[in-house]
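Here the structure is a predicted model, which means the values were calculated and not measured. In this chain, numbering begins with 1 at the start of the sequence shown. Values below: every heavy atom of this structure, side chains too, minus hydrogens, waters and symmetry copies.
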Amino acid sequence: MRFLKGIFLLSDHNCPTTPFRARETMATATASVSIASQSVIEGNSGAKSMVFTLTLSAATPYSVSVQVDTRDSTAVAGVDYQAVRQRVSFAPGSTTATVTVPVIGNSAMQPARAFEIHLSNAINATITPNFSDAAGAVQSYAQADAWGLIFDNDSYAGWAPPADPYLQLEWYLYNTRTVLAWALATGKGVKVGVLDQGIDANHPDLAANDDVALSRISYTLQPGGAPAGNGDNHGTSVAGVIAAARDGSGMVGVAYDAQLVSIYTALSLSPQYLSEIANAFRYAAALDVLNNSWGFGNLLNQGANWAFLDNAHDARFAPAFQALHDLAASGRNGLGTVVVQSAGNSYSYGDDTNLHNFQNSRYIITVGATDYFGTSSSFSTTGASILVSAPGGAGHRDFASILTTDRAGAAGNSTGDYAFEDGTSFASPIVSGIVALMLEANPRLGYRDVQQILAYTAHQTSVDSGWTSNGAADWNGGGLAYNAVAQSSGFGQVDALAAVRLAAAWQGTPQTVANTVDVLGAQVVNQAIPDNDRHGVTGSIAVTSSMVVERADVSVNLTHPFIGDLEVALKSPSGTISYLMYRPSQGALSAYGSSQHDVHFTFDTVLDWGETATGTWSLNVRDLEGGDVGVFNDWSIDLTGHAAAPDHTYFYTYEFPQLAAADPRRAVLSDPGAGVHTINAAALSGNNRIDLSGATASSINGGKLAIADGTTIRNACGGEGNDVLIANAAGSALRGMGGNDTLASGAGNDTLDGGAGTDTAIFSGTRARYTVARTGSGCTVQDTSGADGVDQLSNIERLQFADATVGLDVGGAAGQAYRLYQAAFGRTPDPGGLGYWICQLDHGIALKQVASSFAGSAEFQALYGAHPDSADIVTRFYGNVLHRAPDAAGAAYWTNVLDSHAADVADVLISFSESAENVAALVGATQNGIAYTPYG
């Protein structure tokens, strides 16, 4: 968004050349009106307001008035505040007046939201714009006269937000649910390369994570990586979005514990820039992620004839694209370094990501930009090769923009160390940061796995129109959603929380270059393209392979003297239409588009992800302007993906209820195939119910899901909520993941993995029917009658039988409660009392509170007396735990602890209860579980 001379850089160039706009004035006016910005803590409800003070620069003997209007920015009138349209007057001799804006509170956790105060139509005065920002230190360049900033005071239970003061101004961390993903991953141990204009290691928010030793100068690959020129600011801004430190000051990055590696380039069209790119790709093989916030789209801002410059088949560019291939093939020890690329900011100039082989490479995740409300940013370049979108701002350089780091001191773009920026340059690093979180959660992901997880967890933005579904069948009961008209957002805006959850649950062979399936087809057409004819000419290629498509690369050869006339669209057998080229460069510089001749280029689409390749693929070429004619010579298609397999996985996200309501077919899962099929709800957080037996209704995020007759789903994976997963008779693998889950075994041999939380396995028979044998990673539960088979359990804390419940969590609540009874009372607990205290611990009561209740109980007083002295208590604790009288040193130590009030009776009771001696003494009684009666 800043003024930079390098046309290689993707950034907005719409910043005004003068900081003020014309104002209505009167020739006789001698005083000026200004207004100060204000901020407020939102509150949950009730009357709350912001009072803005208007100041007249000098008292006048006549009245002065001015029109005051509020305008939405990230705050919305009627939702966040009440709009004001008011004429404000200054009485003769007065220099101040006020305007009150009511604020609407709520209990939702939100970022800070801003609205503008606009002054106009001053009578007897001029208007002086006020560029103070209400945030305290972040420079805003937008032309509001004042800002109203509403800070939030809500939080999720158990979430401790970073103390970094600018967190709430980073709305993109909230809109992508990154703030919630931090409970699962922070990017620790992940190396993220930044191929850009260097990273300012002196910036206080970057110093901790900037690995200067690993950083390089791209042209020589010598140590380096700091900004070299006066205008080398872009890389520092990109780096802050990725991994600004969580340190209690400034801002915080998406992956605030990730390691930043700078690979310096000036981002200019110098003779060495192609060598720089190739070298950077080779060096990045040792990194996990590489962020590329650059491209060649800005060339179109200066001339219409720059399509296809970065052609992978051009001898000048071929080494760089070979290095990109090798990076995917060998990076991360063969898993593939994940490369993330910004789509570009040249939409209004008729740019498209498919005019650039960097932005449409199968080895790259291309990212479009969205604004605060999820709408595609007006500057964001569109294209069928865009996989996902992420926040990039609205182009205003204000509170609706991306807050990030600026070079420290006077070297940067702003007067401070932070600045607001706009552009796909800042959408891309959001995705790079999310990928870092994903790779921490699951380092074994192949680069194609990362692409699929991002696509399958992205969500449709609510305000963009034209969304439809492709021909896949494994996402929320049907096809993946994409924008069929604009094709600007890929499969939607990224969801960090869902992506990290699904990444953590991802299983199977990593998807890499080595196991990519390619299916090729070609056709010679040799037909004239009808001039100014919307029907055009169509070529068709029949594909017999049943592979599952991830991407389609389409190489097109057209002879035509004016490519700005042409549209090229691919239609899959499922009916998905991808616009590969639409009148290149038709836009701000030319109503007719590029006058380049001929098309010999490879395009790409991701929009067929998950579809079956089988059937006819057709390519339509149309000439939409009269005067020039051409020929559709030939074309070829390269479908990449994975081989069709009998085993299918069906993924569900939080959009399922809405999608199923719009299309009831999605609510019925039908797959009569004989494979081992799985329902994967790992991306979700609600309390879901998945009954693979079909005996009861299943519910996904509140939406009803039925399994069709004749369909057997063997396995299920839950999410972060308290899920209920029920096996079928064929033998199931159930994975609870997060939350306190209930996993019910069936008649077959089941594998039950509770994951995190306190999880319960349910068995239909009485306790006497089963044998429980501990294993290294869990236990084996066998039904001796043969009715329920032999089940393998891991991460299961409780077993529930028809007549009894057993706690396996000897190191958790069940064991703690059991040991307290022994230490306090010297006896085996009664099942009912034990069940009560286990329930209390499960619901979050601290062990100290339970111990205090024991120490205050009637049984304790009966054993120890109403007012026992410290020595008596210590003596009995020794007897209960060690079955002996205390040694003199031990008795003296613990008696002194109590008498000096260094600890109370409950503290000492816990020390004895959780001592190694007590744990060891009770191994025999607890190793196969602790029986208790559930409470409540």
Side-chain angles (χ1 to χ4, degrees), residues 175-177 338 340-341 343 353-354 359-360 362 364-370 374-377 380-392 424 427-428 430-431 434-435 438 447-503 511 548-552 570 572 574-579 604-611 640-641 649-656 658-659 662-663 666 680 683:
N175 293 18
T176 59
R177 299 209 293 175
V338 181
V340 184
Q341 191 104 19
T353 59
N354 257 317
Q359 269 78 10
N360 75 3
R362 69 174 71 170
I364 279 176
I365 295 167
T366 302
V367 182
T370 50
T375 304
S376 293
S377 301
S380 186
T381 299
T382 61
S385 65
I386 296 173
L387 185 73
V388 290
S389 59
T424 58
S428 174
I430 290 174
V431 174
I434 291 172
V435 172
M438 294 165 61
Y447 81 97
R448 288 167 47 219
D449 294 321
V450 172
Q451 292 188 17
Q452 182 171 353
I453 291 169
L454 287 171
Y456 277 53
T457 55
H459 63 93
Q460 174 182 334
T461 51
S462 60
V463 292
D464 281 344
S465 61
W467 286 78
T468 188
S469 299
N470 72 5
D474 61 350
W475 184 78
N476 285 313
L480 282 80
Y482 70 100
N483 193 306
V485 178
Q487 301 192 351
S488 58
S489 305
F491 294 111
Q493 182 170 285
V494 287
D495 182 333
L497 180 61
V500 173
R501 285 173 174 165
L502 187 54
Q511 297 298 290
V548 180
V549 177
E550 294 170 9
R551 290 176 177 262
L570 177 72
S572 75
S574 299
T576 301
I577 297 176
S578 300
Y579 297 106
D604 172 271
T605 178
V606 301
L607 300 181
D608 301 300
W609 203 296
E611 296 182 353
T640 60
T649 298
Y650 297 92
F651 299 92
Y652 290 86
T653 72
Y654 73 85
E655 292 180 281
F656 170 68
Q658 294 75 31
L659 292 165
D663 182 2
R666 288 181 177 266
N680 189 320

Partners passing salt bridge (Lys or Arg N to Asp or Glu O under 4.0 Å) against E550 (at least two apart in sequence or in another chain):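 Here the qualifying residues are R448.
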Partner residues of R666 under the salt bridge (Lys or Arg N to Asp or Glu O under 4.0 Å) criterion, sequence neighbours left out: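 In terms of salt bridge (Lys or Arg N to Asp or Glu O under 4.0 Å), with neighbours along the sequence ignored, R666 is linked to no residue.
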Side chain to side chain contact (heavy atoms under 4.5 Å, CB included) between M438 and V338, intermediate numbers included: CA-CA 11 Å; M438 294 165 61; V338 181; over 6 Å; no
For Y447, all residues meeting ring pair (Phe, Tyr, Trp, His ring centres under 6.0 Å), sequence neighbours excluded: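 Result, ring pair (Phe, Tyr, Trp, His ring centres under 6.0 Å) vs Y447: none returned.
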Contacts of type ring pair (Phe, Tyr, Trp, His ring centres under 6.0 Å), residue Y482, not counting sequence neighbours: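 With sequence neighbours excluded, Y482 shows a ring pair (Phe, Tyr, Trp, His ring centres under 6.0 Å) to no residue whatsoever.
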Residue that, paired with L502, satisfies side-chain contact (heavy atoms from CB on, under 4.5 Å) out of T457, L454, T653, L497: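 The residue from T457, L454, T653, L497 that satisfies side-chain contact (heavy atoms from CB on, under 4.5 Å) with L502 turns out to be T457.
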How many angstroms lie between [atom1] in [X] and [atom2] in [Y], if you round to the nearest 0.5 Å?
{"X": "D608", "Y": "I577", "atom1": "CG", "atom2": "CD1", "value": "10.5 Å"}
{"X": "Q451", "Y": "I364", "atom1": "CD", "atom2": "CD1", "value": "9.5 Å"}
{"X": "T176", "Y": "I434", "atom1": "OG1", "atom2": "CD1", "value": "5.0 Å"}
{"X": "Q511", "Y": "I453", "atom1": "CD", "atom2": "CD1", "value": "10.5 Å"}

Please give me the minimum heavy-atom distance between [X] and [Y], naming the atom from each residue.
{"X": "A458", "Y": "V388", "result": "CB-CG1, 3.9 Å"}
{"X": "W609", "Y": "L480", "result": "O-CD1, 3.8 Å"}
{"X": "A384", "Y": "L607", "result": "O-CG, 3.9 Å"}
{"X": "S380", "Y": "T424", "result": "OG-CG2, 3.5 Å"}
{"X": "G471", "Y": "S574", "result": "CA-CB, 3.6 Å"}
{"X": "Y652", "Y": "G477", "result": "CE2-N, 3.9 Å"}

Contacts of type side chain to side chain donor-acceptor pair (under 3.5 Å), residue [X], not counting sequence neighbours:
{"X": "S428", "value": "N291"}
{"X": "S578", "value": "T605"}
{"X": "N680", "value": "none"}
{"X": "Y579", "value": "none"}

Quick one: list whatever passes side chain to side chain contact (heavy atoms under 4.5 Å, CB included) with [X], sequence neighbours left out.
{"X": "T382", "result": "Y347, D352, S488"}
{"X": "A390", "result": "V367, A427, I430, V431, V494"}
{"X": "S385", "result": "T353, N354, N360, D604"}

T366 vs I386, side chain to side chain contact (heavy atoms under 4.5 Å, CB included): CA-CA, chis, key distance, verdict: CA-CA 5 Å; T366 302; I386 296 173; 4.1 Å; yes
Aromatic ring pairing Y654/H459, orientation class (parallel under 30°, perpendicular over 60°, tilted between):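 If you compare the ring of Y654 with that of H459, the planes turn out tilted.
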Full working for side chain to side chain contact (heavy atoms under 4.5 Å, CB included) between W467 and T461: CA-CA 9 Å; W467 286 78; T461 51; 3.8 Å; yes
Pairwise salt bridge (Lys or Arg N to Asp or Glu O under 4.0 Å) hits with a residue in residues 468-497, at least two apart: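 Sorted result for residues 468-497: R177-D495.
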L659/W475 under side chain to side chain contact (heavy atoms under 4.5 Å, CB included): CA gap, chis, key distance, verdict: CA-CA 10 Å; L659 292 165; W475 184 78; 3.5 Å; yes
Side-chain heavy-atom pair S489, Q460 within 4.5 angstrom cut-off: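 Result no, sub-4.5 Å side-chain heavy-atom pair not found.
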